[in-house]
Amino acid sequence: MNQPVDDLVRAVEATLFAAEEPMSAEQISAHLEGADVRDALRELEAHYAPRGIKLVERGKRWQFQTAPDLAHLLRREKEQLRRLSRAATEVLAIIAYHEPVSRAEIEAIRGVQTSAGTLDVLMEAGWVRAAGRREVPGRPVIYATTPDFLSHFGLSSRRDLPGIDELKAAGLLDPVDDAFEDLMEQKTADTGPDTSEQDDTAVEDGPDEVGPDEVGPDEN
Amino acid sequence: MNQPVDDLVRAVEATLFAAEEPMSAEQISAHLEGADVRDALRELEAHYAPRGIKLVERGKRWQFQTAPDLAHLLRREKEQLRRLSRAATEVLAIIAYHEPVSRAEIEAIRGVQTSAGTLDVLMEAGWVRAAGRREVPGRPVIYATTPDFLSHFGLSSRRDLPGIDELKAAGLLDPVDDAFEDLMEQKTADTGPDTSEQDDTAVEDGPDEVGPDEVGPDEN
Amino acid sequence: MTADGLLFDAAEAGAGTEWEGPAAPTDSDVALYLELDGWEGPLDLLLDLARRQKVDLKSISILSLVDQYIVYIERAEALKLEIAADYLVMAAWLAYLKSSLLLPRDEQEDPSPEELALKLQLRLQRLGAMREAAGRLMGRDRLGRDVFARGAPEGLKVLRKNAWQCDWYQLVHAYGQVKLRTETVVHMVRERPVMTLDSALDRVSAMLGVTLDWMEIRAFLPKRTDKGGDDPRLQKSALASSFVAALELARMGKAEIRQEEIFGPLHLRRVSA
């Protein structure tokens, strides 16, 4: 009934099974004295696809986990997640969809200051990390998501973020000023060519002077 | 390529996978709304038999574990070359020339205290062993060299070690040399990262390793 | 372009209103008042009010949104609820925006009220999009809630084993160092032929007693033929001692010293009493 299983496949299977953390193909390979494990990973992924356990790739790292459709069987005793505040979920989403992003940029979208605890919670959860500084005046710290974020939310990569393509296409991931400028240009294009000169000037002047703050009174 | 897997089998598989402890058939059954899981367990056991993971029953409780023949993957050993510290080398030499000796005797010969770590290192290296106790008050442990010691240093017996007169003839008792080498050793320790290994050992051995202090306790 | 023409675009449509955290306020106005703390600032409240225009999410009216906001704030004030300053500032700004949008404009303002309204709408869109995205993100199969990692992984361990290095030379050399360090150190002072100051004093004063003439100091030294007198070290010692003896005798007034040139021969004679 059982066919013999390839030795390398068995070794990769056992390694990932015993691992306490997701492992990249390189890490698995290093653990198995440099063997090329990519085929074995694909084979295992296919083998486990219909089973109660799955082998999944999350941000280039592989891990075994239970099948999502069995959540109802497992959840009752294992609910251990701390609920995130609404602020924290919003900040997390903004970082994930815009990364890397500075705190000021997060606040521009949310319209409120981000309390110090909010980013801390996300960093403590291991989902968000500081990812350097933006090379603009003040050199603000910028934030990005981590591989653990992808693991936790079951994303193979950031491209898996729900609706990210639509949001991108709709320009909703662009800053307000950019979107505004685009809209004004479209408007200009729609109206007659005779007024284009005047409108162009207006458009060019507009966004420069009107920062996001000036759209409405900011809270502070 | 993959046949569909029975729902109950999948559920048992996921339950055992996520479990933090081995589970009895009754526990699994209770977790799965009273389903009879025995057949599912047998099926899983057979399914995993040739794989890198096994489902095993131990004292009526079931658990997944890495296949025994792959246990070596869980604990890999990596050899790290490390130079013996000067303190350890001295202690080893004293044991070789005077064996069996107690720690107090070693200290009397060296003129400085010997940290416990030093003897541990020599025993870890497999060159020194505890060789019983000296029948004097306090019954101190006495130490001797091992056959591994002889083979590592290319000696057929301890008598191959050169005597004091030979050492003198070879210039190994030359005080100028000593001072010079101390200087060189200090210099080496101060420079490049290539000596970090040596430094590590020095830290382990603590005050023993500090050259000039070893001249004698009267320094303080 | 009128304010009413400002639309939320399609991406806003069909947005789920579910996300984790505090539940969205209910439709009841009373609840609205009580849950003032439920909003994170004026933009959040505006977005929520916009979502309430359920007639058509695609065509939110900025003007009616402004009205709703202002009414909301006014009624909250009427109930003497404490309202954070930023809500009031937003209310004032929106009132200004509304009047600008409604009143005929004589002069060209820059930016125009339509542009300000558009920017406000764009901000609301972005916040709405992120709120929806957060909801969908939280609704995914999450590790530790919907899917689970292995409960008790054995763990992969890499054990570092030390391979200690030492060779024959280092071993033997170390022993040599120990021996050398602990060897008893003995200082030997060899016996040397010397003439003490006392014997020089005796000798010089005795010899001075024989004559009143000047005598060169060398004449006081032991003869080569004396016992041990041929030892240059004794000669050196005797010269030094005799010189000191001569100085001593001169100090006591028993002898005179004379030297005719620098480094010249040194003479002494007895002082006649």
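Every chain is numbered from 1, with letters handed out A, B, ... down the list of sequences. The figures here come from the full heavy-atom set of this structure, side chains too, leaving out hydrogens, waters and symmetry mates.
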For residues 154-162 of chain A against chain C, heavy atoms under 4.5 Å, the residues are A:Gly154, A:Leu155, A:Asp160, A:Leu161, A:Pro162
Within residues 22-35 of chain A, the residues sitting under 4.5 Å from chain C by heavy atom, in sequence order, are A:Met23, A:His31
Exercise. Using the benzene-type ring in the case of Trp, are the ring centres of C:Tyr72 and C:Tyr87 under 6.0 Å apart?
Worked result: no
Residue pairs passing the salt bridge (Lys or Arg N to Asp or Glu O under 4.0 Å) test with at least one member in residues 162-175 of chain C, sequence neighbours excluded, are none
Is any side-chain N of the basic residue among [X] and [Y] closer than 4.0 Å to the acidic one's carboxylate O?
X: C:Lys119; Y: C:Glu115; result: no
X: C:Glu132; Y: C:Arg136; result: yes
X: C:Arg131; Y: C:Asp44; result: yes
X: A:Arg129; Y: A:Asp148; result: no

Of the listed A:Leu173, A:Ile164, A:Ile109, A:Val56, the one with the largest count of heavy-atom pairs under 4.5 Å with chain C is A:Ile109
Heavy atoms of other groups near A:Asp182 CG, more than 12 under 6.0 Å: yes
Side-chain H-bond candidate by donor/acceptor type, C:Glu74 with C:Tyr69, under 3.5 Å
no
For C:Ile262, the side-chain contact (heavy atoms from CB on, under 4.5 Å) test, sequence neighbours excluded, returns none
- Query: What's the verdict on side-chain hydrogen bond (donor to acceptor under 3.5 Å, both in side chains) for A:Tyr48 and A:Glu13, showing C-alpha distance, side-chain angles and the deciding distance?
  - Reply: CA-CA 11 Å; A:Tyr48 279 97; A:Glu13 189 178 32; 2.4 Å; yes
A:His47 backbone acceptor or donor facing A:Arg51 side chain under 3.5 Å | no
Turns out that what part of A:Tyr97 lies under 4.5 Å from chain C's heavy atoms comes down to side chain
Honestly, the part of A:Ala88 sitting under 4.5 Å from a heavy atom of chain C is neither
